[in-house]
Amino acid sequence: MLDLNFVRENLDTVRTALRNRNFPTDLLDDFAGMDSERRKVIAESDQINARRNAASKEIGALMQSGKLDDAESKKVEVAGLKDRQAELDEQRKEFESRMSDLLANLPNIPAADVPVGEDEAANVEVRRWGTAREFDFEVSDHVDIGERLGILDLERAVKITGSRFAILNGAGARLERALVNFMLEVHTREHGYTETLPPFMVNRKSLFGTNQLPKFEEDLFHIKDERGFALIPTAEVPVTNYYSDEILEAKDLPKYFTAYTPCFRSEAGSYGRDTRGLIRQHQFEKVELVKLTMPENSEEEHEKLTANAERILQLLGLPYRTVVLSTGDMGFGSRKTYDIEVWLPSQNTFREISSCSNCGDFQARRMNLRFRRAGGSKPEFVHTLNGSGLAVGRTWIAVIENYQQADGSVVIPEVLQPYIGGLEKIG
RNA sequence: GGAGACAUGGCUGAGCGGCUGAAAGCGGCGGUUUGCUAAACCGUUAAGGGUCAAAAGCCCUUCACAGGUUCGAAUCCUGUUGUCUCCGCCA
């Protein structure tokens, strides 16, 4: 969420940001008018409150000194103020809810070094690692390989649940589990993250904090329950909200969390996209990285977080490239996002496997997550960062496809073997 | 699921309908003392909003949340949420 005063004082900046993100700017058209009306109402309401408070004090004094008649006439005077007060309260609530609706629906301002562009075509590659393997046989995709090896069963998943679900069996399930453990071990032991295992369901307040709500309601799986819980679409939601409504001490920052969770996404509006295989599922596994930092460190921490995610691909020997998303392609709450894209031989292209975002104070303001600098100054909002480290299902695909052999088997990368009982290959 | 107790500032914890935005302690910050550290002592220390070019000042709001009673609510009433204890059930 953007700061109300910031929006008031930087309307042009906000309007430009909206345009660059392909957002309509008409939201802002009546901002100035609404805001000054709102403040007028507040000023009058506060004045009346001040008069009421003063009168009430006088009444108390009058009654104590026995001047009951004077007290009674004061009471009548206060009663007269009450009608106007109620009217103003009504207006104030109306204005405040309109302003907060408006603010809640404004996306973050992209950082200055984010390329301006309409969509993913304007994304800019910042680096590339590894080289795509040369195959001397016709490559298969992960569905063919997985089904041939009996480690992937899509048909029965459809029977049991529906489309966009999958079942992993035998070495396929073990490979998934090995990947999870491998990623968590690297991030906790080598990168300094604290592992956390959060709830897989969250309430609406948390979803507001990490900007799934109010705009992206239909992307979630909601629990049919009066409590309004939803299945988490990413561990970013429970983990980033961990310290919401709290004031941290500067010495406790930065905080690094890593969490393995399943993720649940309704994928509404993505009909027909990536329908084959495991690329786009309603349920997938992900190891998430979350950082809470001081404002002045978030850019550097963002680079480090992205490098931490890339490190997993390097250790697995999977070629990838990293792109910085253009203004038109980046997420609602992000100031700057790097996507890491892994090489998929069957598609002869790079596919997203991680998305690492610096949200600045945008989420912290929504969830009221602050810190206080040494010296007892005013609390400030922390900066929140998140990234996949990595999407496990897509890593599974990348391993299966990049390490496939001519005989249909799949070699397990050496670094993964300790996590899968020493297994060297599947098939 | 049943019964009861509770919800106060960064933390612990007092609080009679008006003198309580809130005692006290801890922590933080500033200072005195000290060769240094520690201790001791003194002072200071909630958040959000409005007004203002800005600061100061002034004003408003906030004692879980939402309502209500009252001239006046942390304090009384109702509902909601959460926490704790006991019973039941359960991986």
Side-chain angles (χ1 to χ4, degrees), chain A residues 1-11 31-100 102-104 197 199-209 223 225-230 238 241-253 255 292 294 361 364-382:
Chain A
M1 194 157 63
L2 300 176
D3 177 61
L4 177 60
N5 291 317
F6 174 86
V7 176
R8 174 162 62 229
E9 284 155 27
N10 301 277
L11 267 180
F31 178 91
M34 210 197 299
D35 183 53
S36 77
E37 283 301 304
R38 176 187 133 262
R39 286 187 292 161
K40 246 182 248 168
V41 170
I42 289 174
E44 188 182 346
S45 166
D46 281 359
Q47 273 172 29
I48 292 184
N49 264 329
R51 278 161 67 192
R52 279 183 57 196
N53 290 341
S56 290
K57 272 201 176 130
E58 286 169 37
I59 290 169
L62 289 170
M63 288 178 64
Q64 275 197 333
S65 57
K67 295 177 182 162
L68 295 183
D69 289 349
D70 292 349
E72 283 308 317
S73 68
K74 274 276 175 206
K75 284 189 192 181
V76 174
E77 189 188 317
V78 174
L81 292 173
K82 273 191 149 178
D83 290 341
R84 180 61 183 155
Q85 181 77 66
E87 208 176 297
L88 288 166
D89 274 354
E90 201 60 32
Q91 289 180 30
R92 181 174 183 160
K93 271 188 194 165
E94 171 68 20
F95 275 122
E96 284 180 349
S97 94
R98 276 166 64 188
M99 295 301 282
S100 61
L102 189 150
L103 284 176
L197 183 58
F200 300 163
M201 295 183 206
V202 287
N203 60 31
R204 297 185 66 85
K205 189 165 179 252
S206 297
L207 289 161
F208 180 84
I223 307 293
D225 176 277
E226 67 282 0
R227 285 169 289 202
F229 296 159
N241 275 287
Y242 192 86
Y243 291 108
S244 62
D245 288 318
E246 296 188 36
I247 300 175
L248 303 173
E249 290 184 50
K251 67 174 164 58
D252 296 328
L253 295 175
K255 295 273 187 193
L292 310 177
M294 305 234 272
D361 63 6
R365 187 174 290 107
R366 292 170 90 92
M367 63 178 72
N368 196 25
L369 163 50
R370 294 171 295 175
F371 78 101
R372 201 189 298 273
R373 291 181 193 276
S377 54
K378 288 264 178 206
E380 298 171 50
F381 292 112
V382 306

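Values below: all heavy atoms of this structure, side chains included; hydrogens, waters and symmetry mates excluded. Chain letters run A, B, ... following the sequence lines, proteins first, then strands; residues in each count from 1.
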P-based separation of A73(B) from A5(B) [nearest Å]
27 Å
Test side-chain hydrogen bond (donor to acceptor under 3.5 Å, both in side chains) applied to Lys82(A) - qualifying residues, sequence neighbours left out:
none
Identify, with sequence neighbours excluded, every residue that meets side chain to side chain contact (heavy atoms under 4.5 Å, CB included) alongside Glu94(A).
Arg98(A)
Could you list, one pair per line, each protein nitrogen or oxygen that sits under 3.5 Å from a nitrogen or oxygen of nucleotides 58-62 of chain B, together with the distance?
unit_1 : atom_1 : unit_2   : atom_2 : d
C60(B) : OP1    : Asn53(A) : ND2    : 3.1
C60(B) : O2'    : Asp46(A) : OD1    : 2.7
U61(B) : OP2    : Asn53(A) : ND2    : 3.4

Pairing stems for RNA chain B [at least three consecutive pairs; Watson-Crick or G-U; under 3.5 angstrom]:
B:1-7 with B:81-87, B:10-12 with B:24-26, B:27-32 with B:40-45, B:46-51 with B:57-62, B:64-68 with B:76-80
Rounded to the Å, how far apart are Lys205(A) NZ and A64(B) P?
15 Å
Distance, C1' atom - from U83(B) to U8(B), rounded to whole angstrom
15 Å
Sequence-distant partners of Glu58(A), side-chain hydrogen bond (donor to acceptor under 3.5 Å, both in side chains), two or more places apart
Lys74(A)
Want to settle it: does Ile42(A) or Glu249(A) sit nearer the 5' end of RNA chain B, counting the closest nucleotide to each?
Glu249(A)
Using only heavy-atom distances, determine whether the side chains of Asn203(A) and Ser206(A) contain a donor-acceptor pair under 3.5 Å.
yes
Which residues pass the ring pair (Phe, Tyr, Trp, His ring centres under 6.0 Å) test with Tyr242(A), sequence neighbours left out?
Phe257(A)
note: Asn5(A), atom CG; A53(B), atom P; distance rounded to Å ~ 15 Å
Output one line per pair: protein atom, nucleotide atom from nucleotides 71-74 of chain B, and distance, for all N/O pairs under 3.5 Å.
unit_1 : atom_1 : unit_2   : atom_2 : d
C71(B) : O2'    : Ser56(A) : OG     : 3.0
G72(B) : OP1    : Arg52(A) : NH2    : 3.1
G72(B) : OP1    : Lys82(A) : NZ     : 3.2
G72(B) : O4'    : Ser56(A) : OG     : 3.2

Atom pairs under 3.5 Å: protein N/O with N/O of nucleotides 44-47 of chain B:
unit_1 : atom_1 : unit_2    : atom_2 : d
A47(B) : O3'    : Arg370(A) : NH1    : 3.1

Partner residues of Pro379(A) under the side chain to side chain contact (heavy atoms under 4.5 Å, CB included) criterion, sequence neighbours left out
Ile247(A), Arg370(A), Arg372(A)
Could you state the atom-to-atom distance from CD1 of Ile48(A) to C1' of G49(B) in whole Å?
17 Å
Taking the side chain as every heavy atom from C-beta outward, state whether Asp245(A) and Met367(A) have any pair of such atoms under 4.5 Å apart.
no
Whole-Å C1' distance, U37(B) and C60(B):
47 Å
How long is the line joining CG of Leu369(A) and P of G48(B), in whole Å?
14 Å
Main chain of Leu248(A), side chain of Asp252(A): is a donor-acceptor contact present, judged purely on distance under 3.5 Å?
no
Can you confirm whether Phe31(A) sits close enough to Met99(A) that some side-chain heavy atom of one is under 4.5 Å from a side-chain heavy atom of the other?
yes
Would you mind reading off the distance between Asp252(A) atom CG and G10(B) atom C1', rounded to a whole angstrom?
11 Å
Compare all side-chain heavy atoms of Val382(A) with those of Met294(A) and state whether any distance is below 4.5 angstrom.
no
Which residues pass the side chain to side chain contact (heavy atoms under 4.5 Å, CB included) test with Arg51(A), sequence neighbours left out?
Leu81(A)
U75(B) to U69(B) separation - C1' atoms, rounded to the nearest Å:
13 Å
Contacts of Asn5(A) that satisfy side-chain hydrogen bond (donor to acceptor under 3.5 Å, both in side chains) - sequence neighbours left out
Arg8(A)
Integer angstrom distance from the P of A47(B) to that of A23(B):
15 Å
Got a sec, which residues hit side-chain hydrogen bond (donor to acceptor under 3.5 Å, both in side chains) with Glu44(A), two or more places apart in sequence or on another chain?
Arg84(A)
Keeping Asp361(A) on the side-chain end and Ala364(A) on the backbone end, is there a donor-acceptor pair under 3.5 Å?
no
5′-ward residue of the pair Arg39(A)/Glu58(A) relative to RNA chain B
Glu58(A)
Between U34(B) and C41(B), how far apart are the two C1' atoms, rounded to whole Å?
13 Å
Rounded to whole Å, how long is the line connecting atom CD of Glu90(A) with atom P of G67(B)?
11 Å
Any sub-3.5 Å donor-acceptor pair from Ser45(A)'s side-chain atoms to Val41(A)'s backbone N or O?
no
Rounding to an integer number of angstrom, what distance separates G68(B) and A14(B) when you compare their C1' atoms?
28 Å
Return the value, rounded to whole Å, for the distance between atom CG of Asp89(A) and atom C1' of A66(B).
15 Å
How close or far is atom C1' of U70(B) from atom CD of Glu72(A), stated in whole angstroms?
12 Å
Rounding to an integer number of angstrom, what distance separates G67(B) and C84(B) when you compare their C1' atoms?
27 Å
